[in-house]
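Heads up, the thing below is written out as structure tokens.
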Amino acid sequence: MGEEVKLYGTWASPYSLRVEIALQIKGIKYEYFEEDLKNKSSDLLKYNPIHKKIPVLVHNGKPIMESLVILEYIDETWTNNRILPVDPYERSVVRFWTRFIDDKVMSVVQKYYFTGEECEREKAKEEAYEALQMLENELEGKKFFGGETFGMVNMAAIGVALTTPALQEAAGKDLLTRENFPLISRWSEELINCRAFKEKLPSKDELVSHFRSRVAVANPSK
């Protein structure tokens, strides 16, 4: 039976990139639809009428929303090259860290760079440093999050490796540096140079250009 797989996303979104990486690692052929978030397509609104957000994976006409949910769906549907462990406890650990990355890392990093109020930005910076230090500790003695193999936590953290450095350059404000977080910096280089999906990743220059205007709008005095 033929598989129909579609992905609705945006090229600069780390949440879309997570899904593209998983599909690439699994060797799944899919049709990609680039969304304009200022003028969302009728298909996106049809498949995700509640949140109206990307990414959305459509498998044989059935939509799956939210990037972390999509990653689990992909792993359960196509069981080659597993990205989640089989053991229930180990799976729970993966789920914890993926949620931590979204709720405690990426959310405050974005708040730091896109908040205009100085007091809120400083608070976000402190929270970001604390969260990044927890990730740094988790990488101690490991090549990847979770051990020596590339799995779902690393996909969830693509924004740490790719988006955060681009935001730093676009805003001219360092947050994640090799001096402060050497293990995350080493892991980031391994990740963005991985042959399995390097071709799917946008360049840093492209991302810096993309984010520069957004940062300027959020910080008009700069």
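These values consider heavy atoms only, across backbone and side chains, with no hydrogens, waters or symmetry-generated copies.
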Measure the [atom1]-[atom2] distance between [X] and [Y] for me, rounded to the nearest 0.5 Å.
{"X": "Q24", "Y": "N81", "atom1": "CD", "atom2": "CG", "answer": "11.0 Å"}
{"X": "I74", "Y": "I83", "atom1": "CD1", "atom2": "CD1", "answer": "6.5 Å"}
{"X": "L23", "Y": "I28", "atom1": "CG", "atom2": "CD1", "answer": "5.0 Å"}
{"X": "L167", "Y": "Y113", "atom1": "CG", "atom2": "OH", "answer": "6.5 Å"}
{"X": "N48", "Y": "I50", "atom1": "CG", "atom2": "CD1", "answer": "7.5 Å"}
{"X": "I70", "Y": "T77", "atom1": "CD1", "atom2": "OG1", "answer": "11.5 Å"}

Is it the case that the side chain of [X] and the backbone of [Y] share a donor-acceptor pair, with hydrogens and angles ignored and the cut-off at 3.5 Å?
{"X": "E127", "Y": "V108", "value": "no"}
{"X": "N193", "Y": "E189", "value": "yes"}
{"X": "E138", "Y": "F145", "value": "no"}

Enclosure of [X] [atom1] (heavy-atom neighbours >12, cutoff 6.0 Å):
{"X": "K111", "atom1": "NZ", "value": "yes"}
{"X": "K53", "atom1": "NZ", "value": "no"}
{"X": "E130", "atom1": "CD", "value": "no"}

Do [X] and [Y] sit within salt-bridge range, that is, some charged N less than 4.0 Å from a carboxylate O?
{"X": "E76", "Y": "R91", "result": "yes"}
{"X": "E148", "Y": "K142", "result": "no"}
{"X": "E3", "Y": "K29", "result": "no"}
{"X": "K125", "Y": "D174", "result": "no"}

Taking a hydrophobic cluster as the set of Ile, Leu, Val, Met, Phe, Trp and Tyr residues connected by side-chain heavy atoms closer than 4.5 Å, whether directly or through intermediates, do [X] and [Y] fall within one such cluster?
{"X": "L139", "Y": "I101", "value": "yes"}
{"X": "V56", "Y": "I158", "value": "no"}
{"X": "Y32", "Y": "M65", "value": "no"}
{"X": "L191", "Y": "L132", "value": "yes"}
{"X": "L162", "Y": "L135", "value": "yes"}

(message) Using side chain to side chain contact (heavy atoms under 4.5 Å, CB included), reason through V69 and E72 one step at a time and then give a plain yes or no.
(response) CA-CA 5 Å; V69 175; E72 291 207 38; 6.0 Å; no
Residue pair [X] / [Y], side-chain heavy-atom distance below 4.5 Å:
{"X": "T10", "Y": "D36", "result": "no"}
{"X": "N180", "Y": "L176", "result": "no"}
{"X": "F181", "Y": "W187", "result": "no"}
{"X": "I184", "Y": "V160", "result": "yes"}
{"X": "M152", "Y": "T98", "result": "yes"}
{"X": "L183", "Y": "E140", "result": "yes"}
{"X": "R82", "Y": "K26", "result": "yes"}
{"X": "Y30", "Y": "K6", "result": "no"}

(request) Begin with the C-alpha distance, continue with both residues' side-chain angles, and end with the deciding distance and a verdict on side chain to side chain contact (heavy atoms under 4.5 Å, CB included) for L68 and R18. (result) CA-CA 8 Å; L68 297 180; R18 293 171 174 177; 3.6 Å; yes
Checking [Y] against [X]: is there a side-chain donor and acceptor pair closer than 3.5 Å?
{"X": "T115", "Y": "R121", "value": "no"}
{"X": "E4", "Y": "H59", "value": "no"}
{"X": "E206", "Y": "S203", "value": "yes"}

Considering all heavy atoms, the nearest [X]-[Y] contact:
{"X": "I192", "Y": "K198", "value": "O-CG, 3.4 Å"}
{"X": "Y129", "Y": "L175", "value": "CE2-O, 3.5 Å"}
{"X": "P165", "Y": "K204", "value": "O-CE, 3.8 Å"}
{"X": "G9", "Y": "S16", "value": "CA-OG, 3.2 Å"}
{"X": "G61", "Y": "Y47", "value": "O-CE2, 4.3 Å"}
{"X": "K40", "Y": "L37", "value": "CE-O, 3.5 Å"}

(request) Apply ring-ring contact (aromatic ring centres under 6.0 Å, His included) to Y15 and list each qualifying residue two or more places apart in sequence or on a separate chain. (result)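 Once residues adjacent in sequence are excluded, Y15 has no partner under the ring-ring contact (aromatic ring centres under 6.0 Å, His included) criterion.
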(message) Once ring-ring contact (aromatic ring centres under 6.0 Å, His included) is applied, do any residues pair with F144, and if so which ones, sequence neighbours excluded?
(response)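 F150.
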(request) Please report the C-alpha distance between E126 and K123 in whole Å, then the side-chain angles of each, then the deciding distance to 0.1 Å, and finally whether the salt bridge (Lys or Arg N to Asp or Glu O under 4.0 Å) criterion is met. (result) CA-CA 5 Å; E126 291 176 9; K123 181 181 179 183; over 6 Å; no
(request) Under the side chain to side chain contact (heavy atoms under 4.5 Å, CB included) rule, what do R186 and E190 come out as? Steps first, then yes or no, please. (result) CA-CA 6 Å; R186 185 267 305 161; E190 293 266 0; 4.2 Å; yes
(request) Assign the ring pair W97 / F100 to parallel, tilted or perpendicular, where the plane angle (0 to 90°) is split at 30° and 60°. (result)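 The rings of W97 and F100 stand perpendicular, inter-plane angle above 60°.
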(request) Mind telling me whether Y73 and W78 have parallel, tilted or perpendicular rings, with 30° and 60° as the class edges? (result)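 Perpendicular: the ring planes of W78 and Y73 meet at over 60°.
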(request) Kindly write out the residues that satisfy side-chain contact (heavy atoms from CB on, under 4.5 Å) with K46, not counting sequence neighbours, or none if the list is empty. (result)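 Residues passing side-chain contact (heavy atoms from CB on, under 4.5 Å) with K46: D43.
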(request) Start with the C-alpha distance between D75 and L71, add both sets of side-chain angles, then the distance that settles side chain to side chain contact (heavy atoms under 4.5 Å, CB included), and finish with yes or no. (result) CA-CA 6 Å; D75 201 49; L71 292 182; over 6 Å; no
